[in-house]
Trainee: 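Take a look at this one; I'll ask things after.
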Amino acid sequence: MVSQRLTRMASQIVTRFAPSPTGYLHIGGGRTALFYWLYARGRGGKFLLRIEDTDRERSTPKATAAILRGLTWLGLDWDGEPVSQFARKDRHAEVAHQMLARGTAYKCFSSQEDIAAFRAEAEARGSYAVFQSPWRDAVSASYPDLPYVIRMRAPRNGETVIEDRVQGTVRFRNDQLDDMICLRSDGTPTYMLAVVVDDHDMGVTHVIRGDDHLNNAARHKMIYDAMDWPLPVWAHIPLIHGPDGKKLSKRHGALGVEEYQAMGYPAAGMRNYLTRLGWAHLDEEIFSTGQALRMFDLDGIGRAPARLDFKKLENTCGHQMAMADDAALLHELQAFMAVTGRSALSATQSDLLLEAMYCLKDRAKTFPELLDKAHFALTSRPIVADTGAQVALDTVSRGILQSLTLQLQNAQWTKTDLEPILNAAAAEAGIGFGKLAQPLRAALAGRTATPSVYDMMLVIGRDETVARLRDASQ
RNA sequence: GGCCCGUUCGUCUAUCGGUUAGGACACCAGGUUUUCAACCUGGGAAGAGGGGUUCAACUCCCCUACGGGCUGCCA
């Protein structure tokens, strides 16, 4: 009974996303969070959030809020309240002192000047040796009354081996790793210590993060070992690069997840694209979030950095829009309009848009495109014709429209009923259907690029159609 | 400098020793169409280079080149 429960507890997957609140949610961070979320949620595990705010200079509540907003937009929900790493600093210090008591750490009284001098001297000799503290083996009787840091007593021989789910077995020679500082002289923890203590205390079983941390994993392992704590599963994923293959930076444009929202990419499209960026399951390209949850696995993560490709992002978003539920899409559109400072839709407009969604969603890749296609439904009389539409509404066309209007007045408003009427009107005028559709479009939407004329007529209804045609044919 | 990671069409990738190296995006050419978009058909397009191991290597090993990361009392 007990062992059964233990087994179940042990198999419960716990992941955490641990951003530093120093800015918006970076696109790369968004993908990492997505991987965590997919992995945990796809296996009935937990997805926790920890805000790594130990750097008091750079951490802001505003950044934390922005990160939470970004995650929420991406549709990634987390369990419980976000944990503040800074709030746990006493616990970190406690562990550092436990390491001291266990002899796996020691007090180091070397000042930063001493260390700088050590490095300068090594460099002068042409070597790049890691810092070796003279206090590593000192007896406490010799301790001066000076501020000290607590350093890890790292093994100097042999190697530290990391088993990584993405990178495989990675070996580090211990003489390449220094006695890292765990507790600073002001008593605050370093990142190395804080991460390990928090992950352990939070019961984190799987750590997925950028491969810029791969080297750190060796240091983390030393702390786990020093405390006799069980190791988590590590998966170090390659960073996302810009379209030019260089590390993503400001000159690449959009870095923040919220910028993608503002550009009008649907969240489902972002999820699909980001999941597929650097991860693959055979030839699967377009999939729902539910399918992603079922398919996602650490084994499918690639080892080379992936480049951002906006064309593919757009294509993926187009598919996701077409797949989306009409009402849900309308809601997301409204959220998009709100964050980009557009005025809200009236009740009439949103009703109309909901009805029009079926003919809009598979023609748009982004919300601005959707809005553009929806112009005919959102605008109201008098319809303002753009230049192209004005050209289409020449005298002859207006005449044709005029007689068409008469026939539409009492027509049944279904496509089956409308089709013969429009076809007859074209035939009567001795023109092809295309020549009729063009002025019709102009009259109905004031534009020459619109959804199908039937769809527009069906959506706005008979009265509005007749009224718009009357306006235009006068 | 040292250590670590990476390298398949332009891009994302499949392949887990034996394939005409597949798919998607993008691109090009046709087609369809009621404009835009979409859609359909076809096309070009790849294993960084060099050594091994093996009957057989994109796949395993080594070297080189290139790219990236770490080398902080930042995270």
Trainee: Are any of A:R184's side-chain N or O atoms less than 4.0 Å away from OP1 or OP2 of B:C74?
Mentor: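 For A:R184, the contact criterion (side-chain N or O under 4.0 Å from OP1 or OP2 of B:C74) is met.
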Trainee: Quick check on the 6.0 Å ring-centre criterion: do A:F296 and A:W279 meet it?
Mentor: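 That pair passes the under 6.0 Å test.
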Trainee: Looking only at side-chain N and O atoms, does A:R119 come under 4.0 Å of OP1 or OP2 in B:G72?
Mentor: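 A:R119 to B:G72 OP1/OP2: side-chain N or O found under 4.0 Å.
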Trainee: Nearest to the side chain of A:L214 - B:C4, B:G23, B:G10?
Mentor: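 Shortest atom-to-atom distance from the side chain points to B:C4.
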Trainee: Check whether the side chain of A:R363 and the base of B:C36 form a donor-acceptor pair under 3.5 Å.
Mentor: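 Check passes, donor-acceptor contact within cut-off.
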Trainee: Is the NZ or CZ atom of A:K89 positioned over A:F86's six-membered ring, under 6.0 angstrom from the centre and within 45° of the axis?
Mentor: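 Yes.
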Trainee: How is A:S185 classified with respect to the nucleic acid when contacts are heavy atoms under 4.0 Å: base, sugar-phosphate, or nothing?
Mentor: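 The residue A:S185 makes base contact.
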Trainee: Ion pair present between A:K311 and A:D309, side-chain N to carboxylate O less than 4.0 angstrom?
Mentor: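 Answer for the salt bridge query: no.
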Trainee: Base, sugar-phosphate alone, or nothing: which one does A:K365 contact when heavy atoms must sit under 4.0 Å apart?
Mentor: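 Here A:K365 touches the backbone only, sparing every base.
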Trainee: Do the side chains of A:R219 and A:D178 get close enough for a salt bridge, i.e. N-O under 4.0 angstrom?
Mentor: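 So A:R219 pairs with A:D178 through a salt bridge.
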Trainee: So what does A:Q438 touch, heavy atoms closer than 4.0 Å: a base, only the sugar-phosphate, or nothing?
Mentor: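 Sugar-phosphate: the residue A:Q438, judged by heavy atoms under 4.0 Å, touches backbone atoms but no base.
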Trainee: Side-chain N or O of A:R441 versus OP1/OP2 of B:U35: is the shortest distance under 4.0 Å?
Mentor: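 Answer no for this pair, as no side-chain N or O of A:R441 is under 4.0 Å from OP1 or OP2.
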Trainee: Should A:T54 be listed as having a side-chain N or O under 4.0 Å from OP1 or OP2 of B:A75?
Mentor: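 Yes, because at least one side-chain N or O of A:T54 sits under 4.0 Å from OP1 or OP2 of B:A75.
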